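Quick caveat: nothing in here was measured; it's all calculated off a predicted structure. Side chains included, hydrogens not; waters and symmetry mates left out as well; all remaining heavy atoms used.
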2 protein chains.
Amino acid sequence: MTTTLHSRVEDDILNRIQSGDWHVGDRLPKEEDLAAQLGVSRSTLRIAFASLERKGVLQRKKRAGTRIISDRPTSRFSMVTGGISEVLSLGRDTRFDISSTRSVADDSVAVLSGLESETGHWLEITGTRKIDENEPPFNWSQIYVTGRYAGIAPALGKGVTSVFEVIEDAFGTKVSRVSQKVLAIACPDRAAKAMGLAEGDPVLQIVARLYDQDDRLFEVSSATFDPERFQVNTDVRVE
Amino acid sequence: MTTTLHSRVEDDILNRIQSGDWHVGDRLPKEEDLAAQLGVSRSTLRIAFASLERKGVLQRKKRAGTRIISDRPTSRFSMVTGGISEVLSLGRDTRFDISSTRSVADDSVAVLSGLESETGHWLEITGTRKIDENEPPFNWSQIYVTGRYAGIAPALGKGVTSVFEVIEDAFGTKVSRVSQKVLAIACPDRAAKAMGLAEGDPVLQIVARLYDQDDRLFEVSSATFDPERFQVNTDVRVE
DNA sequence: ATAAATTAAAAGTACGTACTTATTGAGTGG
DNA sequence: CCACTCAATAAGTACGTACTTTTAATTTAT
């Protein structure tokens, strides 16, 4: 017995799924029964279940049981960060200075294409971030929030740490998922002017989508960065 | 009783650390004793410990006990990916075609500055990746492996999926941590020629450092990507 | 038919006990 | 003084039991 019992149970369950013995979508026998069937304690089985759930193979729900949702485990990697701000690649202590806000319709802006807000329109917030007061900003961003949250406009006033935090505070919304894309683009005119670069210079663009606890998209941000003063750092640890 | 017992225990321990009652570096009483002192079972305390360990506050070692290694928990975010290949932003099924290899000394290349291999030299592997055989490559990479693994050179032969996988297979080494940086740069001459771009065009550059199970740096890679055909996508879920 | 209340099933939490394993620090011998 | 053995210790694994919470499903009332 080289490995632990619970990891052998885990392998066993995965094998049964992959060998076609059990199928994706099936509900497993209840913990008590499966444990008895496998000849292990419920606690041991639960450790195996927990691991398979984290790997995206199983989904557990009270009263509804444990379902198979995938036949291949995704190895998980944990990002080592200090918070969502860092996931969004903003320093913890930079400030977002707002230069303008306006309301835009679905599809009127490239980054929103294919997306829709319940109200059919979005609040666009344009602004910049600085490292040092005396230097030009290193970032120029356009942030879109769904109509539902358009009421934050007055609260934005002079400047904030970040828009999503204002929403979190005002509505109790919580970011539960972030999906982002990092690109290299030729700097567009407006961003170049704001950051003191030349149009066409290489810049980093990060387009992020923020989802709330109910997995509803509530913010889309498109941020452009001066590559001399900004890179994206990611530290991932294999779990 | 609004929360669970183990999470209250967790908060309690964290509070004692943050209030200065216990200090970073200290060893906690052994599980049995602390559990008794807190009036909970050892199992419950262990759940709290496990959570604090994952958040980087505690470090547990058999026989040596549980130490406090930080006073502020890092919220963890899990990257939703299919594997390390994706962390390294390579499609699962692209092939790395090697164009040349050579040995270089510490400090002779910019991306290696400040780093050192035990042998004082690195094996440099230069190559490209293609999406489609009939199109120019979308990526041009230079990969450096420490002298310890220089023996893989013959095994690289015609082309491989990725260099780190060859090392994993040949030496049983496992990637346990990846630290990477994404930049936007003006495309250098060699990369431009390889990818069919013009020198100076904006391109994405990803510099990654791979660490093994003993946290030793074993590979440094610098990869340049055609921004038209490649972006970095990250999906993170708040834990 | 629809909404509200009830029930019961399945996962979640917690405790206690017993045994196993890895490691460190002390002891022992060359 | 170094290497090697050994024992004690603290964490790790596992089991079993008891009770709680959530929620799907059923029943009852409107």
Base of dT22(D) paired with side chain of Arg63(A) (donor-acceptor, under 3.5 Å):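 No, the side chain and the base share no sub-3.5 Å donor-acceptor pair.
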Between [X] ([atom1]) and [N] ([atom2]), how many Å, whole number?
X        : N       : atom1 : atom2 : answer
Ile47(A) : dA11(C) : CD1   : P     : 16 Å
Leu5(B)  : dC19(D) : CG    : P     : 17 Å
Glu31(A) : dG16(D) : CD    : P     : 15 Å
His6(A)  : dC15(D) : NE2   : C1'   : 14 Å
Leu38(B) : dG16(C) : CG    : P     : 13 Å
Gln59(A) : dT23(D) : CD    : P     : 12 Å
Glu32(A) : dA8(C)  : CD    : P     : 17 Å
Glu10(A) : dA14(D) : CD    : C1'   : 16 Å

Side chains of [X] and [Y]: donor-acceptor distance under 3.5 Å anywhere?
X         : Y         : value
Thr173(A) : Tyr149(A) : yes
Thr101(B) : Glu124(B) : no
Ser7(A)   : Glu10(A)  : no

Does the side chain of [X] get closer than 4.0 angstrom to OP1 or OP2 of [N] through an N or O atom?
X        : N       : value
Arg60(A) : dA10(C) : no
Arg42(B) : dC15(C) : no
Arg27(B) : dA10(D) : yes
Lys62(B) : dA22(C) : no

NZ/NE/NH1/NH2 to OD/OE distance under 4.0 Å, Arg46(B) and Glu31(B):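 Salt bridge flag = yes for Glu31(B) with Arg46(B).
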Which one, [options], comes nearest to the side chain of [X]?
X        : options                   : answer
Lys30(B) : dT13(C), dA11(C), dA10(D) : dA10(D)
Lys61(B) : dT24(C), dA11(C), dC15(D) : dT24(C)
Thr66(A) : dA24(D), dA11(C), dT13(D) : dA11(C)
Ser41(B) : dA14(C), dA11(D), dA11(C) : dA14(C)
Thr4(A)  : dA10(D), dT13(D), dA11(C) : dT13(D)

Nearest-nucleotide comparison on DNA chain C, the residue closer to the 5′ end among Phe49(A) and Ser43(A): Phe49(A)
Sole residue of Lys181(B), Arg209(B), Arg177(B) in salt bridge (Lys or Arg N to Asp or Glu O under 4.0 Å) with Asp235(A):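 So, applying the salt bridge (Lys or Arg N to Asp or Glu O under 4.0 Å) to Asp235(A) and each of Lys181(B), Arg209(B), Arg177(B), only Arg177(B) qualifies.
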